[in-house]
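The block underneath contains the structure these notes are about, expressed in structure tokens.
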Amino acid sequence: MEKRYTHSDHEERIYALWEQSGAFAPSQKKGAKPYCIIMPPPNANDPLHIGHAMFVTVEDILIRYQRMRGRACLWLPGADHAGIETQFVFEKKLKKQGKSRMDYDRESLFRMIWDYVQENKGVATEQMKKLGASADWSRFTFTLDENVVRMVLDTFFQLHRDGLVYRDLRLVNFCTHCGTAFSDLEVKHVEQITPLYYMKYGPFTLATVRPETKFGDTAVAVNPKDPRYKQWIGKEVEVKGLLGQFRMRVIADDYVDPEFGTGVVKITPAHDPNDFEVWLRHRDEIPGPKQVIGFDGKLSTPAGKYAGLPVKKGREIVVRDLQAQGLLTKVDEQYRHILGVCYRCRTPIEPLPLPQFFIKVEPLVQKTLQSLQQKQVTVFGAGYGKTLKHWLENLKDWNVSRQIVWGIRMPVWYKIQSQKSKVKSQNNNIFVSFLNRKKNLVTGEVGTLLNDYTLTEIKGGLQSLRAPVDADYIVSPTPPGDHYLQETDTFDTWFSSAQWPAVTLQASRGKTAGKTESTREKQDDFQRFYPTDVMETAYDILIFWVMRMLMMGLYRTGSVPFRTVYLHGLIRDEQGRKMSKSLGNIINPLDVTSIYGADALRMALVIRSTAGQDKSVGEGDVRAMRNLTNKIWNAARFILMKRESTKHEARSTKPNGTSHSQISKADDRFFQQLSKVVDTVTNQLDHFRIGLAAETVYNEFWHWFCDECIERNKKQEISNNALLQGLIVFLKLMHPFVPFITEAAYQQLQEANPKKKRKELHPDLLISSPWPDRSA
RNA sequence: GGACUCGUAGCUCAGUGGUAGAGCGCUUCGUUGACAUCGAAGAGGCCAGAGGUUCGAUACCUCUCGAGUCCACCA
């Protein structure tokens, strides 16, 4: 054996051994209890970052541990199409070529992104293998696999049938830069100092941060209890504005805080969520949303001479004109204000009225809360069980429409009457944009366009459509006929992700079988492994993903998708700072493993980590764990050398006058202590105390087994055999954490074993060996 | 404004109802039969503060102070 353990000499070879042995596929042994973890699918388009390394490590530890405990383990890997994230990256690439998404019809664009993702797909998989992930790659599933898509569509169809889907006009969180709406969860809030403008408004003065939206005002509101304005309630007032005189109704609503500003609020239902709510409460009294900002982020026609100006510029000019006309009375320049921005590009989110599909969450939430209360799911991670509950109790309906092409297109169909038809259809006013045969962009209402184009041509070049809120539609997983236009919106990525545990287990049917099992054996994956055992992920997607998986899992299958949620913390740099590109403190896991080995990184990530708590990891930590791998190697080397040398010694010679009985007494104590260690580690792993288990095994191995026991063996106090047995136990205990070095050392022991010869074709592997008996 | 978490050795973090732990860093020794990616010895902590429960609290409860994260429609 080499004096030092060199990870690069072993890792690849060992991984191949594991893979060839079929150890990654669930055991078909009779009576083996199933154990299943569905891997959080990494973005198919991204290389791994340190967070991925963390989840690979934690999940691999659990899987390897349970596999050694004799469970039939399935760790099901996959990749995520990552909707907006991927399209965003792709559009950047297009931009470099001087192109944009507007140059292509949606089908071509989709195909281009598909091809682009295919090029990169597999990168993450290879990297996870380098980290030692013992996942069943034969069951690998992509979120846009045909059968996955089919099931997702089916779920939506069911939801619709059960009355849990509705289409309605709401103010959506629209990013005018990304060109799509987002769910509330995807809006980031930042504090800003924004000028608060006080302006004359008929007989009132009111305060606003958005004077440019005043063209969309449909009412003025005051608090019903405010004595200052009581006389005006229900009356119409004359207002002089930048576009001339107009009349405006005064309404009373509790939403108005008499203490803030002047106690008078202009109501702009098209551009402020609160105002929209006010309108809903006063539908009979006042006009509805009047949109004055377009989806392009510019002021639109109702803004008169200001139309065409981008919002920010528009505000400046409106303020200037207000001032010129003496309508501006005061400006509070120090006003602190929370602004919603796009989580991707930081563009201010524009609340805009858009008909969207929503899922009613109330019934789903009830079931989920119930399952939590009945302890059908346990959450590990600093207080996040409470967070989950809090969220569920306050959840709003889920907007699942996204205006991007890279995703699962909604199975929603609008019937279009042919131009010859005499029947007037309200769907004729669906607004479409498409590329005609000459690749020119054509936009307009479909009823009108049908005079010049066939429906087939429109369909072929379709970019997007926008159907009015009262459009007729049907939901169907398959095309209902030729005279239909399919909705161009796609599902929120999380809508399909929410169904991942059930869908992956059902989708692995019919795939190429792994080495040790037939396709038929895979057929009942769902039967066998659902509900799964553990969902392991970072706490930052608890709400986006875990919560929704619970809701949709319960809806689809009637039972929770997993029994345990283990949330790991974020990895920070050695100074405890978040990793970010701008700080330049990002650790690339593959850089680290190429220097120190995968085992070292794994152990550094996980040792002394706590569920739900962030952890800082620096190069020093990794180096220390690299040293551990070397320590393991050398302990094995010493014990092997001992065994070689004693073979040549005459058995009768008793060294140094130490008697057999003394040795066996010491051995007894050694074995007692050893079984205590086994017991402790087993308990810790059973209770998901992973960081603690890693620490225990580290300390016991290094500071007890090496520092004490090996030294006592040198003084002839502990027998060689005891030491060898102890080493094997420790290799097993450490294997889930540092699989490569432990397997490498174990193979060295095998080779030294004369019985090994006949096993050459099927070597004993540590990965498939049983976990040590507690009473060892 | 609401929720959650944290405050333990110089730094980064574990931990436990009953003499305080690890890694890194530091000091002094040490190349005799695994490992200098090592070993031995050591310095360094009123476990944020104040109350309470308890025979006993760093740990459980309450409050205070300090740090952080997430959420939030006051124009």
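The analysis underlying the following values was restricted to heavy atoms, covering all of them including side chains, and did not include hydrogens, waters or symmetry mates.
With sequence neighbours excluded, the residues satisfying ring-ring contact (aromatic ring centres under 6.0 Å, His included) with A:F544 are A:W494.
Between the C1' atoms of B:A14 and B:C73, the separation comes to 42 Å (whole Å). Using C1' as the reference atom, B:C60 and B:C24 are 33 Å apart when rounded to the nearest Å. Distance check on atom P: B:G2 versus B:A50 gives 27 Å, rounded to whole Å. Using P as the reference atom, B:G52 and B:G15 are 29 Å apart when rounded to the nearest Å. The P atoms of B:C38 and B:C47 are separated by 32 Å, rounded to the nearest whole Å. Remark: the separation of the P atoms in B:G30 and B:C13 is 36 Å, to the nearest Å. When the C1' atom is compared between B:U69 and B:G23, the two are found 26 Å apart, to the nearest whole Å. Atom C1' of B:G49 sits at a distance of 13 Å from the matching atom of B:U58, rounded to the whole Å.
A donor-acceptor contact closer than 3.5 angstrom is absent between the side chains of A:D184 and A:W398. Side-chain atoms of A:H282 and A:D253 form a donor-acceptor pair, as typed in the model, at a separation below 3.5 Å. A donor and an acceptor atom, one from each side chain of A:T213 and A:K266, are located under 3.5 Å apart. A:E751 and A:Q747 form no side-chain donor-acceptor contact under 3.5 Å, judged by distance and modelled atom types alone. Residues A:K389 and A:T387 have side chains that never bring a donor and an acceptor to within less than 3.5 angstrom of each other.
Counting only distance, with no hydrogens or angles, the side chain of A:Q356 and the backbone of A:V172 share no donor-acceptor pair below 3.5 Å. The backbone N or O of A:E2 sits less than 3.5 Å from a side-chain atom of A:W633, completing a donor-acceptor pair. When atom types are taken as modelled, the side chain of A:D257 and the backbone of A:E259 share a donor-acceptor pair closer than 3.5 angstrom.
Between A:A382 and A:K615, the residue anchored closer to the 5' end of RNA chain B is A:A382, taking for each the nucleotide with the nearest heavy atom.
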Practice prompt. Report the C-alpha distance between A:R210 and A:E212 in whole Å, list the side-chain angles of each, state the deciding distance to 0.1 Å, and finish with yes or no for salt bridge (charged side-chain N to carboxylate O under 4.0 Å, His left out).
Written response: CA-CA 5 Å; A:R210 302 208 59 184; A:E212 76 280 10; 3.0 Å; yes
Report, one pair per line, the protein and nucleotides 18-21 of chain B atoms (nitrogen or oxygen only) whose separation is under 3.5 Å.
none

Worksheet, complete the sentence: Nucleotide by nucleotide, nucleotides 32-45 of chain B touches protein heavy atoms under 4.0 Å in the pattern (B base, S sugar-phosphate only, - none) --BBSBSSS-----
Fill in: Under 4.0 Å protein heavy-atom contact, by nucleotide of nucleotides 69-75 of chain B - B base, S sugar-phosphate only
-SSBBBB
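Relative orientation of the A:H10 and A:Y5 rings is parallel, given thresholds of 30° and 60° on the angle between their planes.
Separating the CD atom of A:E619 from the P atom of B:G25 is a distance of 12 Å, rounded to the nearest angstrom. A:I690 places its CD1 atom 13 Å from the P atom of B:G15, with the value rounded to the nearest Å.
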Worksheet entry | Dot-bracket notation for RNA chain B, counting Watson-Crick and G-U pairs under 3.5 Å, with | for partners on another strand | (((((((..((((....[..)))).(((((.......))))).....(((((..]....))))))))))))....
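Among the atoms of the strands shown, none is found under 4.0 Å from any heavy atom of A:S609.
Summarising the local packing, CD of A:Q373 is surrounded by 12 or fewer heavy atoms from other residues, nucleotides or ligands at distances under 6.0 Å.
A salt bridge does not link A:E711 to A:K715: none of the charged nitrogens lies less than 4.0 Å from a carboxylate oxygen.
Applying the ring pair (Phe, Tyr, Trp, His ring centres under 6.0 Å) rule to pairs touching residues 192-226 of chain A yields A:F204-A:Y229, A:F204-A:W232, A:F215-A:Y306, sequence neighbours excluded.
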